[in-house]
Amino acid sequence: MSKKNQSKADTYSFFSCIEKNFDKAARYLSIKKGLLEQIKSCNAVYRMHFPVKIGKKIQVIEAYRVQHSHHKLPCKGGIRYSIKVNQDEVMTLAALMTYKCAIVDVPFGGAKGGIKIDPQIISAENIEKITRRYTSELIKKNFIGPGIDVPAPDYGTGEREMSWIFDTFLSLSPGEVDALACVTGKPVSQGGVRGRKEATGLGVFYGIRELCKMKEEMSSVGLDVGLNGKKVIIQGLGNVGYHAATFFHEAGAIIVALAEMEGAIYNKKGLNVSNVILHLKKTGSILNFPESKNIEDTEKALELECDILIPAALENVIHKHNANRIKAKIIGEAANGPVTPEADDILEKKGVLIVPDIYLNAGGVTVSYFEWLKNLSHVRYGRMEKRFSENMNTELLQVIETSCRKKISIEEKKMILRGPREIDLVRSGLEDTMINGFHKIRDLKKSLKIENLRTAAFVLAINKIIDSYEKLGIFP
Ligand code: NAD
């Protein structure tokens, strides 16, 4: 976003945007004001400054960990590395985590971390120093641990940072048998789960695919059911955006534009996502991709003709100054908070269907939950049942072949007999979670006649959180 638009977009603090959405939802519920205030507020905010020697200089690093809600423990949420990190942003992202976990039935309270650095201009060696120091600061204050608070990747971080966090935690917690569960999003070789890296992007895909199956919603925006042939624009080709783009492309959607920091590329016949990535790796930029048009002002890509717009970079990118020019019929919030409340109102009047972040990007935390469970159970998914399922399937197939007097081909046999691998179980768990989550929100929207999916998602989340307070016997 240009500086001019940024200042115009920031009419509200990011945290108050979430409070506004929360308050809209609260109107549909009869809950005591004090309890609503408790759910809304951040339970613990830890702001820290620590020194790190970078080259010959000592640099003071500003960092945060916010635990938004302790109604379920551990707390859970990613860590962001960005020069724009600030307390308001981390508090908001932590709050979104609480609501997200409630919607997809993941038994965690929300949290978020942030370090105010630009990882693009700092060497890997120094990022490691900063990550390890940040982790030891969290340990000192009891802000990390398998049953306390479990970080994960977010903007600017990935498997590499998670494995440094784990290693630091382990070295300072000797004998901690569950140490692997102190952080998720780790590489598979270090206790990670297969399918975590692509989980958020795949969850975005499952959520939008489910919406596109709904005849009523599709006809409300003048589209046919199904994803095939739908024109898609994706902003941000990082972990979430890249994987989402790949799954949409594989499902037959046409990726007409991709936007990155340096600019965007457009081809109305569609862009091949893996070729764009190869081009990016070779040239360092998505621009000048063969047979595509460059768009220098990357923000303008959001305003191009398309059916589905997926902002997968940062917050506040759709604001009151560009909302009227958005042509997409569906917006899938892969990023956290990409649409400001003012833009939300404008888009709703235009009849745009917005699938909210607190549901749509919950795939990451869902699979992080699977990783945490795997780490606590100390066993890989599928280890106990793979061979058993294969043997059962073999016997069943033999009975069918004998009674039908027909043999099936070796390829068909391989497919039918295969027992579940970890990746199969993780993906089916994620798919089920995203489909169920969508229908719970949609059903609530219909039964309470709620104006949009975002408010319905907040109503669902608040109801779930109230339930757990009641089960705990607090605020009966
Ligand atoms: P990432 O760092 O892997 O990728 C972000 C990408 O966006 C980068 O390639 C960056 O260059 C690009 N970008 C930044 N500003 C841009 C702009 N103005 N225009 C176009 N591109 C821009 O981050 P990520 O993990 O993919 O996270 C993206 C969003 O998804 C964030 O809002 C994050 O909070 C949210 N999210 C991430 C996860 C996860 O599992 N990683 C889970 C839930 C939500």
Side-chain angles (χ1 to χ4, degrees), residues 9 11-12 14-31 33 35-36 39-40 92 95-96 98-100 102-104 204 207-208 210-223 225 302 307-311 315-362 434-466:
T11 317
Y12 308 100
F14 194 13
F15 195 72
S16 69
C17 294
I18 304 305
E19 289 193 305
K20 261 175 154 285
N21 292 326
F22 184 100
D23 294 341
K24 273 188 193 169
R27 290 195 320 245
Y28 290 90
L29 300 160
S30 51
I31 294 166
K33 197 167 168 253
L35 185 46
L36 289 172
I39 297 172
K40 266 202 283 186
T92 313
L96 288 174
T98 298
Y99 307 130
K100 211 175 284 187
I103 288 171
V104 291
V204 168
I208 298 292
E210 203 53 27
L211 170 72
C212 289
K213 284 182 185 165
M214 302 298 116
K215 214 171 167 191
E216 195 182 320
E217 279 82 350
M218 289 304 98
S219 56
S220 79
V221 288
L223 292 174
V225 291
L302 302 173
D307 300 315
I308 304 170
L309 173 62
I310 307 283
E315 55 267 18
N316 292 342
V317 294
I318 302 174
H319 40 82
K320 64 178 177 186
H321 301 283
N322 65 2
N324 256 321
R325 294 194 297 271
I326 300 288
K327 298 185 189 70
K329 299 176 177 101
I330 298 169
I331 296 178
E333 294 188 332
N336 283 308
V339 178
T340 67
E342 287 152 329
D344 219 8
D345 293 340
I346 297 170
L347 292 164
E348 198 179 335
K349 277 189 199 125
K350 276 168 60 120
V352 178
L353 278 176
I354 300 182
V355 188
D357 47 4
I358 54 167
Y359 155 69
L360 195 65
N361 67 31
M434 293 309 294
I435 293 174
N436 279 338
F438 175 79
H439 287 285
K440 278 187 197 156
I441 297 169
R442 184 176 186 257
D443 292 350
L444 204 57
K445 177 179 178 296
K446 285 189 158 197
S447 64
L448 295 185
K449 298 193 172 40
I450 300 174
E451 64 268 28
N452 57 43
L453 289 169
R454 188 188 312 282
T455 307
F458 268 93
V459 172
L460 178 63
I462 299 169
N463 267 334
K464 290 269 186 73
I465 297 165
I466 297 284

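The first residue of the sequence shown is numbered 1, and numbering continues consecutively from there. Scope of the values below: all heavy atoms of this structure, side chains included, with no hydrogens, waters or symmetry mates.
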Which class fits the ring pair Phe458 and Phe22: parallel under 30°, tilted 30 to 60°, perpendicular over 60°? perpendicular
Non-hydrogen side-chain atoms of [X] and [Y] separated by less than 4.5 Å:
| X | Y | answer |
| --- | --- | --- |
| Thr98 | Ile39 | no |
| Ile310 | Ile208 | yes |
| Tyr359 | Leu460 | no |
| Asn452 | Ile354 | no |
| Leu347 | Ile318 | yes |

Do Arg442 and Glu210 pass the salt bridge (charged side-chain N to carboxylate O under 4.0 Å, His left out) test, and can you show the C-alpha distance, the side-chain angles, and the key distance before you say yes or no? CA-CA 11 Å; Arg442 184 176 186 257; Glu210 203 53 27; over 6 Å; no
With rounding to the nearest 0.5 Å, note down the distance linking [atom1] in [X] to [atom2] in [Y].
| X | Y | atom1 | atom2 | value |
| --- | --- | --- | --- | --- |
| His439 | Leu444 | NE2 | CG | 14.0 Å |
| Ile450 | Arg27 | CD1 | CZ | 10.0 Å |
| Ile308 | Ile330 | CD1 | CD1 | 4.5 Å |
| Lys440 | Ile435 | NZ | CD1 | 12.5 Å |
| Ile331 | Asp357 | CD1 | CG | 12.0 Å |

Do Asn336 and Lys100 pair up side chain to side chain, a donor and an acceptor below 3.5 Å, judged on atom types alone? yes
Worked verdict on Asp344 versus Asn21 for side chain to side chain contact (heavy atoms under 4.5 Å, CB included): CA-CA 10 Å; Asp344 219 8; Asn21 292 326; 4.3 Å; yes
Derivation of the side chain to side chain contact (heavy atoms under 4.5 Å, CB included) call for Val352 and Ile326: CA-CA 9 Å; Val352 178; Ile326 300 288; 5.6 Å; no
Any donor-acceptor N/O pair, Lys24 side chain to Arg454 backbone, under 3.5 Å: no
